[in-house]
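Encoded as structure tokens, the structure appears first; notes follow it.
Indexing begins at 1, ligand by ligand and atom by atom, following the structure's order. Since this is a predicted model, take the numbers as computed values, not measurements.
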Amino acid sequence: MFTHIDYYAGDPILGLMDKFVSDNNPHKVNLGIGIYYDEVGELPVLECVKTAERLIANPITPRPYLPMAGLLGHRVACQNLLFGAGSQVLQEDRVATIATLGGSGALKVGAEFIHQFFPQSKCYVSDPTWSNHIAIFEGCDIEVGSYPYYDNATSRLKFDEMLSFIKQLNKNDVVLLHPCCHNPTGVDLTPEQWDQVLKVMKQQQLIAFMDIAYQGFGEDMAQDAYAIRQAVAIGLPVFVSNSFSKNLSLYGERVGGLSVVCPTSDEAKRVFGQLNYTVRRIYTCPPSHGGHVVDIVMNDEELHQHWVNEVYAMRDRIKAMRLKLKSVLQTKLPERNFDYLTEQKGMFSFTGLTPKQIERLQSEYGVYLVSNSRMCMAGLNVSNVDYVAEAMARVLED
Ligand code: KET
């Protein structure tokens, strides 16, 4: 009965995690999946989250279904973070926001919505992008293409090509953008470049879909949302998927949000209703635990500030590891240029290592990178960075 079903080859990122866990190499280092590990290689529970957990557990309360859109406090938290508390667009009630199952859930609900209400729209993703972007949109029967983004030869942005490509797209086509900490390359646009891209998108009447999974890991909370806020400022239709997996270290709780910025508050109501209905048809409502954590941490002034500081500490530790890895590699291989390691932002660096070199890192040294050469810098720490540098230098030398 099921023999016509193909075996699933596994996910290029999640599959790597399983392989890493079963590796017996005592020196193994996981630089695959985008997870932040602390200076001793542990997955942290943020202090602000611990406080929220204590409040939730005392007393233990009943668990009713949540509204389809999730908790109001969760939704407000997403809005304030993305658009700025008290911003004009929020005052005008023009943003429809629902709580979602992580950033992935937001992408899925957003893509379903686009497929239903803009059936002619194609979606364009950066080349390269997070592989699940393509899978999620194609999974909603949307045709996916790609726009030029990263130049392997120079480790830089192909900005002019990107801009001219976007200039020839059709009305209502969707352009999926990473407002900060581009996954997988770590190469972001400058504010001036964003201004130009968004202006062209507005002229062409395109739809921006901004996927922000690393807010706070690039520059700061506001600067990382620059592209989103600028798109709103020039009146571009914007979908925003945001994730709290990384910046609240709540990966398994599946917390995120989907926001759609509309021209009027009446349209925002219509969109909000249909987003609710989309959720109802797929999973009815989000789970409550993570939503409560988000609500408590984000909407209490003191806890919120504590959280921001904790995110910036994670960001700064990653930056320090970038510097350290670069300086060790530079000493070992002075003829090569490793500037890209400190120029790229967020959790990832695109190393340009070949599939063979990546395979050797894994089998000979237990150092795991994604096959597209992406390295998660947040897996480095003072105890393993020299080992990783040595392993990289060895495979680069041969
Ligand atoms: N968007 C981007 C850009 C992203 O990197 C991830 C996760 C997500 C959305 C999903 O967020 P979540 O809230 O977990 O649903 N990326 C890492 C994990 C993964 O592949 O699922 C990664 O790239 O390693």
Side-chain angles (χ1 to χ4, degrees), residues 10-20 30-37 43 70 74 77-78 81-82 98-111 123 125-137 139 144 146 149-150 175-189 208-218 224-225 227-228 239-259 282-283 286-287 289-291 293-294 314 318 344-350 368-379:
D11 183 81
I13 299 175
L14 301 180
L16 206 60
M17 187 79 182
D18 300 336
K19 223 172 162 192
F20 176 80
N30 187 2
L31 306 177
I33 192 160
I35 289 183
Y36 177 89
Y37 294 103
L43 185 67
H74 180 157
C78 294
L81 203 56
L82 299 170
I98 62 165
T100 57
L101 310 186
S104 309
L107 285 156
K108 173 69 181 172
V109 175
C123 175
V125 300
S126 60
D127 174 26
T129 192
W130 181 50
S131 50
N132 217 21
H133 280 152
I134 301 165
I136 290 174
F137 278 81
V144 178
S146 66
Y149 191 81
Y150 181 79
V175 183
L176 205 159
L177 300 156
H178 306 220
C180 68
C181 308
H182 183 268
N183 179 4
T185 67
V187 174
D188 288 337
L189 276 71
F209 201 126
M210 308 248 185
D211 182 30
I212 181 160
Y214 304 92
Q215 192 172 0
F217 283 92
D224 288 355
I228 298 169
F239 287 64
V240 185
S241 50
N242 76 289
S243 167
F244 289 117
S245 298
K246 334 273 172 171
N247 60 14
L248 266 169
S249 194
L250 281 179
Y251 305 84
E253 294 295 351
R254 314 307 298 132
V255 272
L258 173 67
S259 298
I282 310 178
Y283 57 85
H289 186 83
V293 175
V294 170
M314 293 195 274
I318 297 174
Q344 298 173 351
K345 288 192 187 136
M347 277 202 189
F348 306 117
S349 263
F350 218 47
Y368 286 71
L369 269 63
V370 180
S371 54
N372 63 6
S373 96
R374 186 189 85 175
M375 175 189 269
C376 179
M377 308 306 280

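- In I33, the parts holding a heavy atom less than 4.0 Å from any atom of ligand 1 are both the side chain and the backbone.
- Distances below 4.0 Å separate heavy atoms of S245 from the following atoms of ligand 1: 12 (P), 13 (O), 14 (O).
- For H182 and Y149, the gap between ring centers is short of 6.0 Å.
- Between L81 and A225, the shortest heavy-atom distance links the atoms O-CB, 4.4 Å.
- Using a 3.5 Å distance cut-off with no hydrogens or angles, the side chains of S126 and H133 do not pair a donor with an acceptor.
- The side chain of R374, and not its backbone, has at least one atom closer than 4.0 Å to an atom of ligand 1 (non-hydrogen atoms only; side chain from C-beta on).
- Atom SG of C123 sits about 9.0 Å away from atom CG of L107, to the nearest 0.5 Å.
- Against a heavy-atom cut-off of under 4.0 Å, A213 is close to the following atoms of ligand 1: 1 (N), 2 (C), 4 (C).
- Contacts with ligand 1 closer than 4.0 Å are made by heavy atoms of both the backbone and the side chain of S104.
- Considering backbone and side-chain N/O of L14, none are found under 3.5 Å from N/O of ligand 1.
- For atom 5 (O) of ligand 1, the choice among Y251, Y214, W130 with the nearest heavy atom turns out to be Y214.
- Distances shorter than 4.0 angstrom do not occur between any heavy atom of N132 and any atom of ligand 1.
- Nearest heavy-atom pair, G34 versus R374, reported as atom, atom and distance to 0.1 Å: N-NH2, 3.5 Å.
- Between the CG atom in L176 and the CZ atom in F209 there is a gap of 6.5 Å [rounded to 0.5 Å].
- Between the OH atom of Y36 and the NZ atom of K246 there is a distance of 14.0 Å, given to the nearest 0.5 Å.
- Nearest heavy atoms, F244 versus C78: CE1-SG, 3.7 Å.
- From the protein, the heavy atom lying nearest to atom 24 (O) of ligand 1 is G34 N, 2.6 Å.
- The closest protein non-hydrogen atom to atom 1 (N) of ligand 1 is D211 OD2, 2.5 Å.
- When H133, M347, K246, R254 are checked for heavy-atom proximity to atom 18 (C) of ligand 1, K246 turns out nearest.
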